[in-house]
A.B. asks: 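Pasting a structure here, questions to come.
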Number of protein chains: 2
Amino acid sequence: MNLNIQHSFKALADPTRRQILVHLSQQEMTIAEITDQFDMTRAAIKKHLNILESGSLISVKTNGRERINSLETEGLRTITDWLSYFDQFWDKKLSLLQTAITNNENDINKES
Amino acid sequence: MNLNIQHSFKALADPTRRQILVHLSQQEMTIAEITDQFDMTRAAIKKHLNILESGSLISVKTNGRERINSLETEGLRTITDWLSYFDQFWDKKLSLLQTAITNNENDINKES
DNA sequence: AAGTAAATTAACTATGAATCTAAATATACA
DNA sequence: TGTATATTTAGATTCATAGTTAATTTACTT
């Protein structure tokens, strides 16, 4: 179920799930802590977390009886990779920016 | 209905709609031409086009009895803007890249 | 004006998604 | 061992989505 572009896009298509990601970007959280931030049952949040996990947008580690959810960038990378195909169709100004990025990427590669 | 982030994310959540965007990136097309590329009725494609339009991912211009659909980058920009918030959580290498982008953005703004 | 071609809309069906309540698991600790 | 805490799962409900066929509008063509 790893790195499925469809799962990643589906996961981002719900506003609650996008908000969860924003919260997790601030700090990793248990499902109880996440649920506190929403007007929704824990069971509902759990389903959202499952969907986020299947989109490689979060990862979960077990600590005793708690499960700690944290942001996982792999899914975000999948999405931006897909989107990057369209960069060539953006406006001139952005095209310039993209060229600059590409050049800088080369520089960075040389450094490492 | 303009520039609704939710509509843009929803629109990208369907694989057929993402494929339509890829086709439109090659050339603008009528609904008939798009339909030829898929194993699906024109009515179904029309619904997808409506959803893409409401996500500002395509725009439509009328030419006689034809409607020409073409890629509209505004929705893509909305998505990448949202995603860019998470750039700070990616790995070091990418962080460096982001800094480079920001610097170049400033340069470009100075120029214009 | 009549006929044809392109596109849209309407009405329906089947499946999936988001939510709830309630029950079941699993771990911690007194 | 028993109870409290954290999480997960099951089942039901409601609404949304993706698709179909059939009917309707709009604009060319002869």
Side-chain angles (χ1 to χ4, degrees), chain A residues 1 4-24 27-72 75 79, chain B residues 1 4-24 27-72 75 79:
Chain A
M1 221 64 73
N4 184 323
I5 187 173
Q6 176 55 21
H7 288 173
S8 300
F9 271 109
K10 258 287 157 57
L12 288 180
D14 182 273
T16 300
R17 289 194 289 266
R18 290 197 304 277
Q19 277 187 257
I20 290 174
L21 292 182
V22 171
H23 281 119
L24 291 181
Q27 55 181 328
E28 48 185 30
M29 292 168 124
T30 64
I31 188 173
E33 290 168 327
I34 297 170
T35 304
D36 286 346
Q37 306 295 127
F38 295 89
D39 185 22
M40 192 180 298
T41 64
R42 184 176 300 194
I45 295 289
K46 174 57 183 167
K47 289 200 178 172
H48 285 307
L49 292 178
N50 286 341
I51 291 168
L52 286 168
E53 196 178 4
S54 96
S56 303
L57 289 159
I58 66 169
S59 58
V60 189
K61 69 185 171 205
T62 299
N63 183 11
R65 60 184 161 184
E66 292 184 331
R67 307 290 166 85
I68 315 290
N69 303 93
S70 48
L71 197 64
E72 165 62 57
I79 300 284
Chain B
M1 219 66 75
N4 184 321
I5 187 173
Q6 176 56 21
H7 288 174
S8 301
F9 271 110
K10 260 288 158 57
L12 287 181
D14 181 274
T16 299
R17 289 195 288 268
R18 290 197 303 279
Q19 278 188 256
I20 290 174
L21 293 181
V22 171
H23 281 119
L24 291 181
Q27 53 180 329
E28 49 185 30
M29 291 167 124
T30 63
I31 188 174
E33 290 170 325
I34 297 169
T35 304
D36 285 346
Q37 306 295 127
F38 294 89
D39 186 21
M40 192 180 299
T41 65
R42 184 177 299 195
I45 295 290
K46 174 60 181 166
K47 288 194 182 176
H48 285 307
L49 293 177
N50 286 341
I51 291 168
L52 285 167
E53 195 177 6
S54 97
S56 303
L57 290 160
I58 66 170
S59 58
V60 187
K61 68 185 171 206
T62 298
N63 183 11
R65 63 183 158 181
E66 292 185 332
R67 308 289 166 86
I68 314 289
N69 304 92
S70 47
L71 197 64
E72 165 62 58
I79 299 284

A.B. asks: Take atom NE2 of His48(A) and atom P of dT9(D), then tell me their distance rounded to the nearest Å.
C.D. replies: 16 Å

A.B. asks: In whole angstroms, how far is the P atom of dT7(D) from the CD1 atom of Ile58(A)?
C.D. replies: 13 Å

A.B. asks: Starting at atom CD1 of Ile45(B), determine the distance to atom C1' of dA6(C), rounded to an integer number of angstrom.
C.D. replies: 15 Å

A.B. asks: Within the pair Thr30(B) and dA6(C), is there a side-chain N or O less than 4.0 Å away from OP1 or OP2?
C.D. replies: no

A.B. asks: Roughly how far, to the nearest 0.5 Å, is the NZ atom of Lys46(B) from the OG1 atom of Thr41(B)?
C.D. replies: 13.0 Å

A.B. asks: Let me know, please, whether Thr41(A) or Gly64(A) comes out on the 5' side of the other along DNA chain C by nearest nucleotide.
C.D. replies: Thr41(A)

A.B. asks: Would you mind classifying the nucleic acid contact of Ala44(B) as base, sugar-phosphate or nothing, using non-hydrogen atoms under 4.0 angstrom?
C.D. replies: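 Here Ala44(B) touches the bases of the nucleic acid.
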
A.B. asks: Does Arg65(A) get its side chain close enough to the base of dT5(D), under 3.5 Å, for a donor-acceptor pair?
C.D. replies: yes

A.B. asks: What is the distance from CG of Asp36(A) to P of dT5(D), rounded to the nearest Å?
C.D. replies: 15 Å

A.B. asks: Has the side chain of Gln6(B) got a donor or acceptor atom that lies under 3.5 Å from a matching backbone atom of Ala13(A)?
C.D. replies: yes

A.B. asks: Expressed in angstrom and rounded to an integer, what is the separation of Asn50(A) atom CG from dA18(C) atom P?
C.D. replies: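 Rounding to the nearest Å, CG of Asn50(A) and P of dA18(C) are 12 Å apart.
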
A.B. asks: Nearest whole angstrom, please: distance from the C1' of dT9(C) to the CG of Leu49(B).
C.D. replies: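 Value for this atom pair: 14 Å.
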
A.B. asks: Does the ring pair (Phe, Tyr, Trp, His ring centres under 6.0 Å) test come out yes or no for His23(A) and Phe38(A), once each step is laid out?
C.D. replies: CA-CA 11 Å; His23(A) 281 119; Phe38(A) 295 89; 5.6 Å; yes

A.B. asks: On DNA chain C, nearest-nucleotide positions of Ala43(A) versus Lys10(B): which is more 5'?
C.D. replies: Lys10(B)

A.B. asks: Please pick, from dT8(C), dA6(D), dT19(C), the nucleotide with the shortest atom-to-atom distance to any side-chain atom of Arg67(B).
C.D. replies: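 The closest nucleotide is dT8(C).
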
A.B. asks: Keeping Arg17(B) on the side-chain end and His48(B) on the backbone end, is there a donor-acceptor pair under 3.5 Å?
C.D. replies: no

A.B. asks: Look at the side chain of Arg17(B) and decide which nucleotide, out of dT19(C), dA7(C), dA18(D), has an atom nearest to it.
C.D. replies: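 For the Arg17(B) side chain, the nearest candidate turns out to be dA18(D).
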
A.B. asks: Please report the distance, rounded to the nearest Å, between NZ in Lys46(B) and P in dT25(D).
C.D. replies: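 Those two atoms, NZ and P, are 16 Å apart.
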
A.B. asks: Given atom CG of Asp14(B) and atom P of dA16(D), what is their separation to the nearest angstrom?
C.D. replies: 17 Å

A.B. asks: Side chain of Arg18(B), backbone of Leu12(B): donor and acceptor closer than 3.5 Å?
C.D. replies: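 Judged by distance alone, yes, a pair lies under 3.5 Å.
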
